[in-house]
Asks: 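Sending over a structure as structure tokens; questions will come in a sec.
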Protein chains: 2
Amino acid sequence: MATGRTHRPATRSRGIPEATVARLPLYLRALTALSERSVPTVSSEELAAAAGVNSAKLRKDFSYLGSYGTRGVGYDVEYLVYQISRELGLTQDWPIVMVGIGNLGAALANYGGFASRGFRVAALIDADPAMVGKPVAGIAVQHIDDLEKIIEENGVSIGVIATPAGAAQQVCDRLVAAGVTSILNFAPTVLSVPDGVDVRKVDLSIELQILAFHEQRKAGEEPGVGEAVVPQTAAVRGAAAPAAGGPKGPDGDLPAVMPA
Amino acid sequence: MATGRTHRPATRSRGIPEATVARLPLYLRALTALSERSVPTVSSEELAAAAGVNSAKLRKDFSYLGSYGTRGVGYDVEYLVYQISRELGLTQDWPIVMVGIGNLGAALANYGGFASRGFRVAALIDADPAMVGKPVAGIAVQHIDDLEKIIEENGVSIGVIATPAGAAQQVCDRLVAAGVTSILNFAPTVLSVPDGVDVRKVDLSIELQILAFHEQRKAGEEPGVGEAVVPQTAAVRGAAAPAAGGPKGPDGDLPAVMPA
DNA sequence: CGATGTGAAGTGGTTCACAGCA
DNA sequence: TGCTGTGAACCACTTCACATCG
């Protein structure tokens with residue numbers, strides 16, 4: 001429709017909400033599965049269920065991409081796979097470097113989902129001379145001295161940091177200086193980067209702590225809504241959960257020193 | 001990021017915003033570092049910088065916990081460490097089980113940040129008989145047949161899934177049936193769980209895809225900076241968009257199928 | 001004074017509900 | 001008829017700005 005030209009609120013010409021961007025990979029994964037089963041079309045309801053979101057949100061998300069559906073029918077799976085891939089920039093090949101090939105780094109390098117779908121591990125880099133040359137996931141580990149050269153020669157703009165926390169900022173600085181503008185950080189530390197550089201972090205321990213918060217809350221709310229957050233509720237199943245070391249009594253009292 | 005939205009939003013007198021909860025571990029980490037350096041107090045400004053947020057947000061976050069600061073001075077480090085630990089439920093010991101001890105699972109088990117700070121790996125579980133009995137991170141791997149028994153005997157309420165995608169839902173169901181109410185999922189699949197069970201997911205490939213989106217955008221709008229491997233997918237953006245024909249058969253782009 | 005704690009304003013995201021179209 | 005696409009209401013979180021108090 002020459003008519004089409006999705007009217008965009010003058011204020012935002014090309015802005016897809018961040019929350020929507022974060023869900024596109026989810027839709028893409030669900031769509032890819034459908035595609036492999038040769039399903040030709042899906043409704044927003046079905047796709048939403050497969051992606052674990054509600055259908056209104058999905059339709060709103062897709063509306064930012066354009067009008068890719070057919071009213072009364074649904075969405076063409078193949079077409080949508082392509083459009084989302086393109087929107088995410090996955091129709092091109094992104095070379096990435098991974099720095100820090102310890103337990104976690106090696107596991108990530110071997111992780112299938114990494115290499116697939118638009119990403120290619122251009123180099124594995126470590127500071128330990130003993131690691132250099134060793135093949136991990138079929139790629140020989142290179143020394144960090146060559147980091148800048150590797151990045152430049154491969155045109156890398158995305159880096160993954162899986163070093164110990166103490167080395168992360170230093171590695172980050174070198175990556176950025178060498179031209180990397182997107183970083184996925186697995187080290188449990190805050191990275192500071194100049195404007196224009198994106199950092200996303202994955203911290204296992206933080207995720208667990210968030211779960212613990214909710215878990216604690218569940219244990220405490222069985223009865224009516226009493227009051228206070230009541231610590232020491234331990235076991236959930238009538239099992240032998242450790243009595244826990246929280247000897248603290250009521251709310252907010254002694255600054256007892258906790259173990260680090 | 002957050003999952004497990006399915007919560008009874010009912011009368012929550014003691015409601016700490018989810019976004020705040022997600023930042024508490026960040027503050028805790030920064031505070032712990034200060035504590036180790038024997039720093040007695042911090043201002044919201046300093047602590048915010050260390051945690052990578054702005055100070056207004058930090059103060060607002062802390063205001064949900066109570067008035068733990070001193071006007072004109074700042075916050076007592078030790079005291080705050082304790083209060084946040086308690087709020088997060090880290091003053092007790094959470095036994096966790098990890099299912100799926102492949103590359104990633106083994107790496108996670110070895111990951112230091114896991115065991116520290118309130119969590120204890122009660123068991124490593126795998127379906128592969130060849131893995132059973134092998135020590136990983138100092139713990140002998142147990143067979144999944146014993147999953148229910150292990151969970152009950154240890155009073156486990158938090159489980160970590162690091163299996164292949166295909167096995168994840170099945171493992172999840174068994175965990176939940178056995179009494180687990182919080183799950184950290186590393187498998188690239190959507191888990192469905194009953195109400196009252198929290199799921200958080202970590203998906204490496206999704207994080208990379210989000211970075212690729214922003215990376216692509218940068219390449220399209222800025223003139224210079226390193227675009228060794230960056231074609232001009234951006235052209236599609238600015239020029240075509242949903243301008244051509246109808247919703248379908250637009251820019252003459254082929255629905256290229258992406259690899260799984 | 002100086003930094004916290006917090007109403008109030010602002011922003012972004014979700015949900016509703018229905019108009020519009022195949 | 002059925003499902004998409006979307007304005008509008010709603011809600012959660014962030015930021016501002018300043019009263020408050022050690």
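Lettering follows sequence order; numbering is per chain, from 1.
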Asks: May I ask you to say what Gly72(B) touches in the nucleic acid, namely base, sugar-phosphate or nothing, with a heavy-atom cut-off under 4.0 Å?
Replies: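 Gly72(B): base contact, heavy atoms under 4.0 Å.
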
Asks: For the atom pair CD (Gln209(A)) and CG (Leu26(B)), what is the distance rounded to the nearest 0.5 Å?
Replies: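 Gln209(A) CD to Leu26(B) CG: 9.5 Å, rounded to 0.5 Å.
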
Asks: How far does OG1 of Thr41(B) sit from CD of Glu46(B), to the nearest 0.5 angstrom?
Replies: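 Taking OG1 in Thr41(B) and CD in Glu46(B), the distance rounds to 7.5 Å.
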
Asks: Measuring from Leu104(A):CG to Leu104(B):CG, what's the distance to the nearest 0.5 Å?
Replies: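 Answer for the CG-CG pair, Leu104(A) versus Leu104(B), is 7.0 Å.
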
Asks: Rounded to the nearest 0.5 Å, how far apart are CG of Leu24(B) and CZ of Arg29(B)?
Replies: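 Reported to 0.5 Å precision, the distance equals 13.0 Å.
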
Asks: In whole Å, I'd like the distance from the CD atom of Glu18(B) to the C1' atom of dT14(C).
Replies: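 The distance from CD of Glu18(B) to C1' of dT14(C) comes to 16 Å, rounded to the nearest Å.
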
Asks: Starting at CZ of Phe62(B) and ending at P of dT14(D), how long is that distance when rounded to a whole Å?
Replies: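 One finds 14 Å between P of dT14(D) and CZ of Phe62(B), rounded.
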
Asks: Do you know the tightest heavy-atom contact between Lys218(A) and Val197(B)?
Replies: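 Scanning both residues completely, I find the closest heavy atoms to be NZ-CA, 4.2 Å.
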
Asks: Count the heavy atoms belonging to other residues, nucleotides or ligands that lie under 6.0 Å from CD of Glu18(A), then report whether that count exceeds 12.
Replies: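 Atom CD in Glu18(A) is crowded, with more than 12 foreign heavy atoms closer than 6.0 Å.
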
Asks: So if I take every side-chain heavy atom of Pro17(A) and compare against dG13(C), dA3(C), dG5(C), which nucleotide ends up nearest?
Replies: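 Shortest atom-to-atom distance from the side chain points to dG13(C).
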
Asks: Counting side-chain heavy atoms from CB outward, which of dA8(C), dG5(D), dT4(C) is closest to Lys60(B)?
Replies: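 Given the options dA8(C), dG5(D), dT4(C), the side chain of Lys60(B) is closest to dA8(C).
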
Asks: Kindly state which residues belonging to residues 50-58 of chain A come within less than 4.0 angstrom of DNA chain C, counting heavy atoms of the residue only, listed by number.
Replies: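 Residues of residues 50-58 of chain A that come under 4.0 Å of DNA chain C are, in numerical order, Asn54(A), Lys57(A).
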
Asks: From C-beta outward on Tyr64(A), which listed nucleotide comes closest to its side chain: dC13(D), dT14(C), dT6(D)?
Replies: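 Nearest listed nucleotide: dT14(C).
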
Asks: Specify the separation, in whole Å, of atom CD of Gln83(B) and atom C1' of dG5(C).
Replies: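 The distance from CD of Gln83(B) to C1' of dG5(C) comes to 16 Å, rounded to the nearest Å.
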
Asks: Please classify the nucleic acid contact of Tyr75(B) as base, sugar-phosphate, or nothing, using heavy-atom distances under 4.0 Å.
Replies: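 Contact class for Tyr75(B): sugar-phosphate only.
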
Asks: Nearest 0.5 angstrom please: Arg86(B) CZ to Gln83(B) CD, how far?
Replies: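 Spacing of CZ (Arg86(B)) from CD (Gln83(B)) equals 4.5 Å.
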
Asks: Using atom CD of Glu45(B) as one end and atom C1' of dC16(D) as the other, report the distance to the nearest whole Å.
Replies: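 My rounded result for the distance is 14 Å.
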
Asks: Would you kindly give the CG-to-P distance between Asp61(B) and dT14(D), to the nearest whole Å?
Replies: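 It works out to 7 Å between those atoms.
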
Asks: Starting the side chain at C-beta, find the nucleotide from dT6(D), dT4(D), dT6(C) nearest to Arg59(B).
Replies: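 The answer is dT6(C).
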
Asks: From the list dT4(D), dA3(C), dC13(D), which nucleotide is the closest neighbour of the side chain of Arg71(B)?
Replies: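 The answer is dA3(C), which lies nearest to the side chain.
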
Asks: Among residues 20-31 of chain B, which contact DNA chain C at a heavy-atom distance under 4.0 Å?
Replies: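 Those residues: none at all.
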
Asks: What's the verdict on side chain to side chain donor-acceptor pair (under 3.5 Å) for Arg217(B) and His214(B), showing C-alpha distance, side-chain angles and the deciding distance?
Replies: CA-CA 5 Å; Arg217(B) 166 168 303 187; His214(B) 294 296; 5.6 Å; no

Asks: When you match Thr70(B) and Val73(A) each to their closest nucleotide on DNA chain D, which lands nearer the 5' end?
Replies: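 The residue whose closest nucleotide sits nearer the 5' end is Val73(A).
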
Asks: Tell me the interatomic distance from Tyr68(A), atom OH, to dA22(C), atom C1', rounded to whole angstroms.
Replies: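 In whole Å, dA22(C) C1' lies 19 Å from Tyr68(A) OH.
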
Asks: Taking the minimum atom-to-atom distance to the side chain of Ser63(B), which one of dA3(C), dC13(D), dG5(C) wins?
Replies: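 Taking heavy atoms from C-beta onward, the closest nucleotide is dG5(C).
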
Asks: Any sub-3.5 Å donor-acceptor pair from Ser85(B)'s side-chain atoms to Val81(B)'s backbone N or O?
Replies: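 A pair under 3.5 Å: yes.
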
Asks: Under 6.0 Å between ring centres: does that hold for Phe62(B) and Tyr68(B)?
Replies: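 Phe62(B) vs Tyr68(B): aromatic centres not under 6.0 Å.
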
